[in-house]
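Counting convention: from 1, in listed order, for ligands and their atoms alike. Note that the structure is predicted; figures quoted are calculated from it, not measured.
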Amino acid sequence: TTHLRSDYTPFPYDIPTTDLLFDLKPELTTVTLWLEFERKNDEPVPLVLNGEHITLQFISLNNEETPLDPSEYTVTDSTLTLHNPPESGMLHIITTCTPNTNTSLSGLFTTGVHLMTQCEAEGFRRMAYFPDRPDVLSTYTVELIADKAAFPVLLSNGNLIETRDLPNGGHMVTWHDPFPKPSYLFAVVAGQLACLEETITQDGAEKLLQVYVEPHDLPKAQFAMDSLKASIRWDKARFGLPLDLERFMIVATSDFNMGAMENKGLNIFNTKFVLAHPETATDVDFEGVEAVVGHEYFHNWTGNRVTCQDWFQLSLKEGLTVYRDQEFSSDQLAEGLSPDAATSARAVKRIDDVAMLRTAQFMEDAGPMAHPIRPNAYEEINNFYTMTVYEKGAEVVRMYETLLGRDGFRRGMDLYFKRHDGQAVTCDDFRAAMADANQADLTQFGRWYEQAGTPTVRVTSEFDANAQTYTLHFAQSNPPVGIELKEANLIKAPLHIPLRVALLGTDIDTLIELKQANESITFENITAEPTPSLNRNFSAPVSIEYDYSDDQLATLAATDTDAFNRWDAVQQIFARAIVADMLEPVFSHEQFDTFRSLLTDESLSPAYRAQLFTLPSFSYLAQLVSKCEPLDPQKLFAARERASRALSKQLQIEWQSLYSTLEPKTAYAYNGVAAGERALRNLALRHISSAKPDTTTTQYAAADNMTDRIAALTTAIHEGQDEALLNDFYNRFEKEALVIDKWFTAQAANPHDANITATLQKLLAHPAFTNPNPNRLRSLVFAFCNANPAHFHATDGSGYRFWAEQVLAIDAKNPQVASRLARTLEQWRTYAEPYQSLMREALQTVFNAPNLSQDVREIVGKALG
Ligand code: ARG
Ligand code: ZN
């Protein structure tokens with residue numbers, strides 16, 4: 001069934017309080033619920049509760065001991081309906097569920113020896129009958145009962161009220177959350193967990209901070225704790241938002257579908273985003289922990305205190321919270337640096353974020369799943385936790401800041417909380433707060449919430465030497481994509497686009513607000529033709545088309561003061577060479593001169609130079625190619641490889657000298673500067689490894705940290721070096737699941753393994769791959785299908801058949817993870833033959849399979865159209 005945004009109606013009852021008693025047992029957990037209800041209107045109306053995969057044991061009204069007569073209610077496999085409820089009362093419902101058999105990781109599930117919950121978006125209904133929708137806010141009191149030896153730690157949201165021992169080795173803990181919340185923010189944890197704790201004082205009040213992990217992981221928890229403290233400080237300093245509870249808990253689990261979850265006061269995390277130790281985590285992992293800890297903490301205000309009216313508004317909390325975590329990470333990178341270095345550090349973060357957006361989100365926006373940041377329809381809401389809702393949503397939030405200024409944005413945030421604290425609201429409410437706090441007209445800006453697709457801004461220029469004028473003409477367009485193609489007579493009106501523009505060679509640097517389909521702007525007193533630097537710092541999530549000459553790109557690469565556009569110019573030079581002539585990408589001598597001076601420019605940070613010299617990704621290039629012709633993935637992959645080898649060869653001396661000058665002089669520490677040095681040095685390693693093969697083995701053995709060790713391992717095996725390092729790595733880290741994930745990925749994503757089919761079979765049969773959790777599946781199956789284009793796109797279709805088998809096998813256990821994998825083939829129409837037909841066959845195989853989940857069916861159905 002399709003859910004429509006336009007179908008929204010409020011729930012007809014208030015649920016002031018919700019009391020829950022969990023008798024926690026892995027095989028069979030009993031949940032007792034006391035639900036207080038009050039009808040909102042005069043007209044009698046049935047009370048419909050959601051419930052799935054649970055068994056009703058008892059139901060009565062107002063705590064009567066005699067159960068309701070079965071004629072008074074109806075139970076289906078997804079609802080419980082009370083036909084004629086009184087105007088108000090207390091429903092008492094007992095249900096059971098089976099955590100042990102719950103492989104979907106939604107609802108209450110077992111993970112190792114622990115029990116945990118994941119309720120967003122619709123998991124609460126797998127534990128109890130409830131109005132499981134984000135606009136029903138209720139105050140929860142929760143009692144947890146469990147065997148004390150098996151489950152010494154019992155956690156839920158809010159504040160700890162009471163702990164009590166029970167006869168027969170049981171114990172009971174009571175929690176109360178003073179803040180009304182929707183059911184998707186509810187959480188329970190029961191397990192044998194060790195805890196790292198610290199107290200902080202904020203506004204004179206003591207707060208207890210706790211990070212719960214498996215006991216053997218305790219030495220890896222400090223960085224998450226430090227990130228939490230930094231997040232708490234940052235939200236207070238930047239937005240005036242305090243921590244509103246006596247305690248704040250983070251719990252790590254190895255079995256998690258996504259990154260983490262912002263349950264009120266009890267965030268539950270994938271271990272990947274909690275555990276960080278130099279020997280087992282890379283710089284990228286450290287950065288990820290900091291960002292996700294921040295993200296979930298920031299949700300406490302943007303998501304929890306003010307939540308979503310319905311799931312179509314998901315970007316209200318996700319886009320805003322991603323924007324906030326990006327800003328937090330950027331400030332963390334800049335902390336303690338000189339003003340210039342701080343600007344450059346921020347640019348590095350911005351480039352990372354935009355590179356990801358332009359690769360994955362632009363791709364989504366060009367395919368069958370394209371949707372506005374506020375979708376109008378979905379079949380399965382879990383399929384809409386997308387790059388568009390999150391990453392493009394964050395760009396839309398960033399545009400408010402660009403238009404209103406840092407202070408204006410803050411005024412908008414303040415008004416948003418003043419108006420809506422404790423409410424479930426819409427994206428329009430957020431936009432209204434931004435507009436009203438600044439007396440700004442943001443009506444047209446609302447179209448960003450309505451339109452799918454990546455807008456194109458086509459720019460042309462005219463220089464009039466006699467009149468000394470320079471004119472820029474802008475033409476914006478955003479043709480229908482994805483589901484929009486089915487709407488007859490759809491008119492996509494022009495967007496309000498903030499475009500930061502400078503003219504290199506003049507002192508013009510300005511913000512242009514485009515509002516019409518076609519607009520021109522003329523600059524006076526321009527004596528020589530400038531080079532336009534367009535959409536600086538990526539001020540709008542659009543694709544700019546301007547016919548730069550090679551000379552102009554070289555000028556931008558050498559002199560643009562906007563670090564983002566300077567990087568982008570270098571990327572365009574690379575992309576042009578690779579895409580324009582896929583048979584023989586060549587760079588001119590002048591271009592190599594430009595490259596050489598950038599690579600050795602000591603005034604540019606190593607982190608930035610590493611970004612400059614990272615070739616555009618295969619997926620990004622694939623988009624460029626498919627704008628002009630059907631994509632031949634083998635040809636594109638080979639062209640990208642040749643460009644890379646040309647950089648190795650022509651800049652060999654520079655790479656070698658960078659590799660030695662960047663040799664670490666101090667022991668490992670995670671910070672942006674040191675991470676940048678390692679990134680550039682490990683890039684250099686890749687470029688020198690075929691000329692100097694022992695460097696990889698030497699670095700591997702000498703490394704005091706995972707960043708350098710995994711870089712050496714990956715480089716070595718991609719160079720086809722022997723199994724010794726792989727075996728050594730496995731034996732060294734056998735007990736570290738997250739590191740073994742890296743071991744799988746290094747092999748599954750190896751583009752140069754001539755026997756990849758055999759390698760995959762060996763890995764799939766490996767003892768460490770029995771009963772793989774989502775992280776392990778991502779490390780092998782996803783790594784092969786999404787990060788090994790050379791082999792995935794084998795001309796015999798074996799990669800696609802592997803994909804189909806895996807989607808179906810995973811779907812039987814975990815639809816959410818399967819449907820992520822299912823998305824791999826959604827660009828099939830852009831491919832040349834034989835790829836296109838082989839992909840369609842694989843999609844059809846999946847679509848025809850019996851018992852397909854709603855999750856996978858939506859993705860594959862849309863792909864096949
Ligand atoms: N709200 C979480 C976050 O962004 C993501 C939870 C997604 N869960 C899901 N089942 N789709 O931090
Ligand atoms: Zn989030």
Notebook entry, point to check: Does the separation of the ring centres of Phe223 and Tyr670 fall below 6.0 angstrom?
Noted result: yes

Notebook entry, point to check: Can you tell me the protein heavy atom closest to atom 2 (C) of ligand 1 and the distance?
Noted result: Glu262 OE1, 3.2 Å

Item checked: Ser106 and ligand 1 - part of the residue with a heavy-atom distance under 4.0 Å -> neither

Check: Can you list the atoms of ligand 1 that are under 4.0 Å from a heavy atom of Gln118?
Finding: 8 (N)

Margin query: I need the minimum non-hydrogen distance between Gln332 and Ala230, along with the two atoms involved.
Written below: NE2-CB, 3.8 Å

Checklist line | His299, N/O/S atom nearest the Zn ion (ligand 2) | finding: NE2

Check: Listed by chain and number, what are the side chain to side chain contact (heavy atoms under 4.5 Å, CB included) partners of Val817, not counting sequence neighbours?
Finding: Asn257, Pro774, Leu777, Phe782, Ile810, Asn814

Check: Are Tyr400 and Phe430 close enough that their ring centers fall under 6.0 Å?
Finding: yes

Checklist line | Glu318 near the Zn ion (ligand 2) via N/O/S, less than 2.8 Å | finding: yes

Notebook entry, point to check: Can you tell me the protein heavy atom closest to atom 11 (N) of ligand 1 and the distance?
Noted result: Asn382 OD1, 3.1 Å

Notebook entry, point to check: What do we get for Met258 next to ligand 1 when only non-hydrogen atoms under 4.0 Å count, side chain, backbone, both or neither?
Noted result: side chain

Checklist line | Arg238: salt bridge (Lys or Arg N to Asp or Glu O under 4.0 Å) partners, not counting sequence neighbours | finding: Glu327, Asp331, Glu401

